[in-house]
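I have placed the structure first, in the form of structure tokens, so that the comments after it can refer back to it.
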Amino acid sequence: MNLFTDIRARVLEAIEALQSEGVLPEGLNTAPVTVEPPRDPLHGDMATNAAMVLAKPAQKKPRDIAEALAAHLGTDDRIASAEVAGPGFLNLRLAPTVWQGLPETVLTQGADFGRSTLGQGEKVNVEYVSANPTGPLHVGHTRGAVFGDALASLLDYAGYDVTREYYINDGGAQVDVLARSVYLRYLEAQGHTVEFADGTYPGDYLIPVGEALKNLVGDKYVDQPESVWLEYVREFSTDAMMEIIREDLRLLNVEMDSFFSEKSLYGTGLIESAIESLRDKGLIYRGVLEPPKGKKPEDWEPREQTLFKSTEHGDDVDRPIMKSDGAWTYFAPDIAYHYDKVQRGYDQLIDVFGADHGGYVKRMKAAVSALSDGKTPLDIKLIQLVKLFKNGEPFKMSKRAGTFVTLRDVVEEVGPDVTRFVMLTRKNDAPLDFDFDKAVEQSRDNPVFYVQYAHARVCSVMRKAQAAGIDVSDAALAQADPALRAHEAEQGLAKKIAEWPRLVEIAARGHEPHKVAIWLNELASELHALWNKGHDVPELRFLQEDDVAASQSKIALARAAAVVISAGLGILGVTPAEEMR
RNA sequence: GCCCCCGUAGCUCAGCUGGAUAGAGCGACUGCCUCCUAAGCAGUAGGCCACAGGUUCGAAUCCUGUCGGGGGCGCCA
């Protein structure tokens, strides 16, 4: 149930009525008509721009249209008043009974209040994390993991059929590097002294992998050339790394529906058929690219390569898909992978990349556009860096030295709930400061705590009420008398709650889960405010001494807020706290 | 040189598929605990929404340009 779309539908009815009365001409485009909360609550509960956007096509004064609409809308018993304001806004005030009745709706629908049909069951593939299987996940991956997971949940809640997918980059040279590094650890486990040259991974996390390899194959690969052991060790190592990564994701409560291996594209004809598909469209040719300007390419020399005409689909230059030695570039398997996604019948694709991959956005979009004949939209969300702070000091990491702050480090320090929430309080494309101290601080400026606390307060009231023998089951609260929560301040909270379904749609449409986190903070603020008003105005306290009916009615409102907080936190993957400790 | 992102209160940031007098937290100042958790609430102060044009009934929001910050730019993944 979305009050805003309900009322918008009512406005459109009024427009139609005016058309049949001949006041407005037929054939007006009503798509730009919106019904939204006004910036200033003094203007009312909802405002529509209908009169202003229709004024020009209808060749009438906005205020005249607004007056006519107001006359029609005034007859709806949900609408208490409709007044024309400013340049032609129509401000609507809803009947108090609408707000008083809201908790009943919420408590009847539970977590489904806010669930939307926006997605119409469309199939969406959200690809995220997709870290190279060369080591544990670090903080940067963590943000991508949390973002992708929350986005997937949000889209699911908004009515999409979502697949969470991880693309395993196990086909390139970096897994050979991994294999060599593990081989060194293997030799080490055999008692050899080894040295980690540049271009190997010196991290300690490979020590147990080397040992495990020793336990499995004994000394079979000692003193053997790479050609003997590379393939086996590579497979063994990537499997071990993926196990570590899956375990890291479990720590964050991220669960993938599907893992797609890059390696599975090689030698199976999948890359070839993807490229063939492009060739059929006349988008593959042999050619020589211009050198990039302004970047002084030291060893640049013209080479003829096999190119994808990505410029036909919005890219700046055409991109090589095959090296001059005839091997595929990394872009080729990426094309094949996305071709596979298109073939699997998704209506929409979303890729979550690190911000350092910003240069690949256009070519990937071009590829998907070409492969799907423009039918499958691809949205690429870039995740900016996470800057870590501890004791006010920036926390540095160095992958080269093998010491970096891992996902596990963060989660073990502050827990999955805090990790997830903090990472979702900023837009994906804005850098994020993550302060370990602030993240666990219990104060107003820690949004995790603040929202959790609001939920816990409601739970606290309910415990008190229950102890007093009051039935606070959702079923009982839904039956409570709405008229006993008629105070203006109580309606204020109800109005905030009523925004939830609309917020879900806005956040889902924009692929912006951070909006959920920010809105939850606002909702929590409304609840804390009402709570504190109870200090001065006893009738606003949720628990009314010796008045079961009033208590139930007011607690129903609080409980409705808690239900929505819980649903919102659920999308973010954060557990709502029952009490604070 | 080209492409992408960003520039909003002293600080950290919301708001951006155009809407009325631009918001929140922190910091500063002032109030509120005989009362469901003061781990909270209320209020005051603080702005040329980087700059200049354009589109529009209306621009922080869309377009163009300038300046400033970050990221990226053919065989590397």
Side-chain angles (χ1 to χ4, degrees), chain A residues 32 34 36 38-40 42-43 47 49 52-53 55-56 62 85-89 91 132 134 169 171-175 177 262 288-295 297 299-303 305 307 315-320 322-331 333-334 354-362 382 384-385 425-427 429-431 433 435 438 441-447 449-450 452-454 456-458 460-465 468 506 509-510 514-515 518-519 521-522 525 527-536 538 541-545 551 554-555 558 579-580:
Chain A
T34 60
E36 46 194 24
R39 186 155 291 184
D40 188 340
L42 289 176
H43 293 138
N49 61 354
M52 285 180 292
V53 297
K56 188 176 267 187
F89 282 105
N91 289 331
N132 292 339
T134 54
N169 286 282
Q174 80 281 0
V175 288
V177 173
E262 177 190 354
V288 179
L289 286 174
E290 293 288 309
K293 285 171 185 161
K295 197 201 148 199
D299 55 346
W300 194 90
E301 50 184 296
R303 291 286 170 93
Q305 301 167 83
L307 300 168
D315 203 355
D316 306 310
V317 289
D318 292 339
R319 306 290 176 176
M322 195 180 267
K323 305 178 199 172
S324 49
D325 66 2
W328 297 116
T329 64
Y330 66 90
F331 188 37
D334 283 347
D356 54 339
H357 285 63
Y360 309 118
V361 170
K362 283 195 177 182
L382 297 179
Q384 264 293 353
L385 296 177
T425 51
R426 290 278 176 271
K427 282 183 297 203
D429 56 1
D433 289 350
D435 190 315
K438 189 151 282 178
E441 189 177 289
Q442 303 205 325
S443 74
R444 173 69 178 94
D445 63 324
N446 178 359
F449 165 77
Y450 189 71
Q452 292 276 29
Y453 183 34
R457 273 185 151 170
V458 175
S460 169
V461 169
M462 292 176 63
R463 280 192 298 270
K464 296 260 179 191
I506 291 172
R509 230 190 296 268
H514 76 277
K515 286 192 165 153
I518 286 166
W519 184 84
N521 203 43
E522 292 169 11
S525 176
L527 185 91
H528 288 308
L530 179 56
W531 181 289
N532 274 76
K533 283 207 177 84
H535 289 315
D536 302 329
R541 291 176 200 162
F542 295 119
L543 190 54
Q544 296 288 315
E545 292 291 325
S551 295
K554 291 168 189 300
I555 291 173
E579 57 185 328
M580 307 306 291

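Just so we're clear, the structure is a prediction, and the values are computed from it rather than from any experiment. In what follows, chains are A, B, ... by sequence order, proteins preceding strands, each numbered from 1.
Rounded to an integer number of Å, the gap from A:F449 CZ to B:U37 P is 13 Å. We find that CZ of A:F89 is positioned 15 Å from P of B:C57, with the value rounded to whole Å. Spacing between atom CG of A:D325 and atom P of B:G74 amounts to 17 Å, rounded to whole angstrom units. Residue A:D318 contributes atom CG, which lies 15 Å from atom C1' of B:C2 at whole-angstrom precision. Between A:K515 atom NZ and B:A14 atom C1' there is a gap of 10 Å when expressed in whole angstrom units. In this structure, A:M52 atom CE and B:C57 atom C1' are separated by 9 Å, rounded to whole Å. Note: CG (A:D433) to P (B:C26) measures 17 Å, nearest angstrom. Between A:D445 atom CG and B:C11 atom C1' the separation is 12 Å, expressed in whole Å.
Taking the side chain as every heavy atom from C-beta outward, A:E579 and A:R463 approach each other to under 4.5 Å. Within the 4.5 Å cutoff, no side-chain heavy atoms of A:E290 are placed close to those of A:V317. Residues A:V461 and A:W531 meet the side-chain proximity criterion, which asks for heavy atoms closer than 4.5 Å. Annotation: side chain of A:P32 is not in contact with side chain of A:N49 (no heavy-atom distance under 4.5 Å). Side-chain contact between A:F542 and A:V458 is absent, with no heavy atoms from C-beta onward closer than 4.5 Å.
Across all strands shown, A:R319 has no heavy atoms under 4.0 Å from either base or sugar-phosphate atoms. Residue contacts shown for A:K533 are absent, as no nucleic acid heavy atom lies under 4.0 Å away. Within 4.0 Å of A:H528, counting heavy atoms only, lie sugar-phosphate atoms of the nucleic acid but no base atom. Within 4.0 Å of A:A47, counting heavy atoms only, lies at least one base atom of the nucleic acid. Among the heavy atoms of the strands lying under 4.0 Å from A:N49 is at least one base atom, whether or not backbone atoms are also near. Counting non-hydrogen atoms under 4.0 angstrom, A:A55 reaches nothing in the nucleic acid. Within the nucleic acid shown, A:S324 comes within 4.0 Å of at least one base atom, counting heavy atoms only. Among the atoms of the strands shown, only primed sugar atoms or phosphate atoms (P, OP1, OP2) are found under 4.0 Å from some heavy atom of A:Y450. Contacts of A:V177 with the nucleic acid, taken as non-hydrogen atoms under 4.0 Å apart, are absent. Using a 4.0 Å heavy-atom distance criterion, A:P302 is classed as a base contact.
With a cut-off of 3.5 Å on both Watson-Crick or G-U wobble distances, the partner of B:A52 is given as B:U64. With both pairing distances under 3.5 Å, B:C41 is matched to B:G31 as a Watson-Crick or G-U wobble pair. Searching all strands for a Watson-Crick or G-U wobble partner of B:G46 with both distances below 3.5 Å returns nothing. Shown here, B:G18 forms no base pair; nothing in the strands shown gives a Watson-Crick or G-U wobble contact with both key distances under 3.5 Å. Across all strands shown, the partner of B:G1 is B:C73, judged by Watson-Crick or G-U wobble contacts whose two distances both fall under 3.5 Å. Searching all strands for a Watson-Crick or G-U wobble partner of B:G25 with both distances below 3.5 Å returns B:C11.
Listed nucleotides B:C3, B:C75, B:C26 differ in distance to A:R444; the shortest reach to its side chain belongs to B:C26. Listed nucleotides: B:C41, B:G74, B:C76. Nearest to the side chain of A:N532: B:C41. Nearest to the side chain of A:N132, among B:C75, B:A20, B:A77, sits B:A77. Comparing B:A77, B:U56, B:C3 by their nearest atom to the side chain of A:K362 picks out B:C3. Comparing B:C75, B:A20, B:A14 against the side chain of A:K323 picks out B:C75 as the nearest. In the set B:A20, B:C73, B:G74, the nucleotide with an atom closest to the side chain of A:Y360 is B:C73. Set against B:A14, B:C6, B:U56, the side chain of A:D429 has B:C6 as its closest nucleotide. Distances from the side chain of A:F542 to the nucleotides B:C36, B:A77, B:U37 place B:C36 closest. The listed nucleotides are B:C35, B:A14, B:G19; the one nearest the side chain of A:I518 is B:A14. Between B:C32, B:U12, B:C36, one nucleotide has an atom nearer to the side chain of A:V461 than all others, and that is B:C36.
The phosphate of B:A38 has OP1 or OP2 within less than 4.0 Å of a side-chain N or O from A:W531. The shortest distance between the side-chain N/O atoms of A:S460 and the OP1/OP2 oxygens of B:U37 is below 4.0 Å. Considering only side-chain N and O atoms, A:R457 lies under 4.0 angstrom from the phosphate OP1 or OP2 of B:A38. Put simply, A:K427 has no side-chain N or O that comes within less than 4.0 Å of OP1 or OP2 on B:C5.
Distance check: A:T425 OG1 to A:N446 CG gives 9.0 Å after rounding to the nearest 0.5 Å. Interatomic distance, NZ of A:K464 versus CD1 of A:I555, reported as 12.0 Å (0.5 Å rounding).
B:G68 sits 11 Å from B:C51 when the C1' atoms are compared, rounded to a whole Å. Taking atom P on both nucleotides, B:G43 is separated from B:C26 by 13 Å, rounded to a whole Å. The gap from the C1' atom of B:C49 to that of B:U8 amounts to 4 Å, rounded to the nearest Å. When the P atom is used for both B:C13 and B:U56, the distance is 36 Å, rounded to whole Å. Remark: the separation of the P atoms in B:A60 and B:G53 is 14 Å, to the nearest Å. Separation of the P atoms belonging to B:C35 and B:C16 is 43 Å when rounded to the nearest angstrom. B:C6 and B:U64 have their P atoms separated by 14 Å, given to the nearest Å. On the C1' atoms, B:G40 is 13 Å away from B:C36, given to the nearest whole Å.
Using bins of under 30°, 30° to 60° and over 60° for the plane-to-plane angle, the ring pair A:Y360/A:H357 lands in the perpendicular bin. Ring orientation note: the planes of A:Y450 and A:H528 are tilted relative to one another, at an angle of 30° to 60°.
Across the interface with RNA chain B, nearest-nucleotide mapping of A:D316 and A:H514 shows A:D316 to be the residue nearer the 5′ end. Along RNA chain B, the nucleotide closest to A:G172 and the one closest to A:A456 are compared, and the more 5′ of them pairs with A:A456.
Residue-to-nucleotide contacts include no donor-acceptor pair under 3.5 Å from the side chain of A:D334 to the base of B:A77. A donor-acceptor contact under 3.5 Å links the side chain of A:R541 to the base of B:C35. Counting atom types as modelled, A:Y453 pairs no side-chain N or O with a base atom of B:A38 as donor and acceptor under 3.5 Å.
Annotated as anti: B:C6, whose O4'-C1'-N torsion sits more than 90° from 0.
B:A20 has A:H43 stacked on its base ring, the centres lying under 5.5 angstrom apart and the planes within 30 degrees of parallel.
Residues A:G358 and A:L382 approach most closely at CA-CD1, 3.7 Å, considering heavy atoms.
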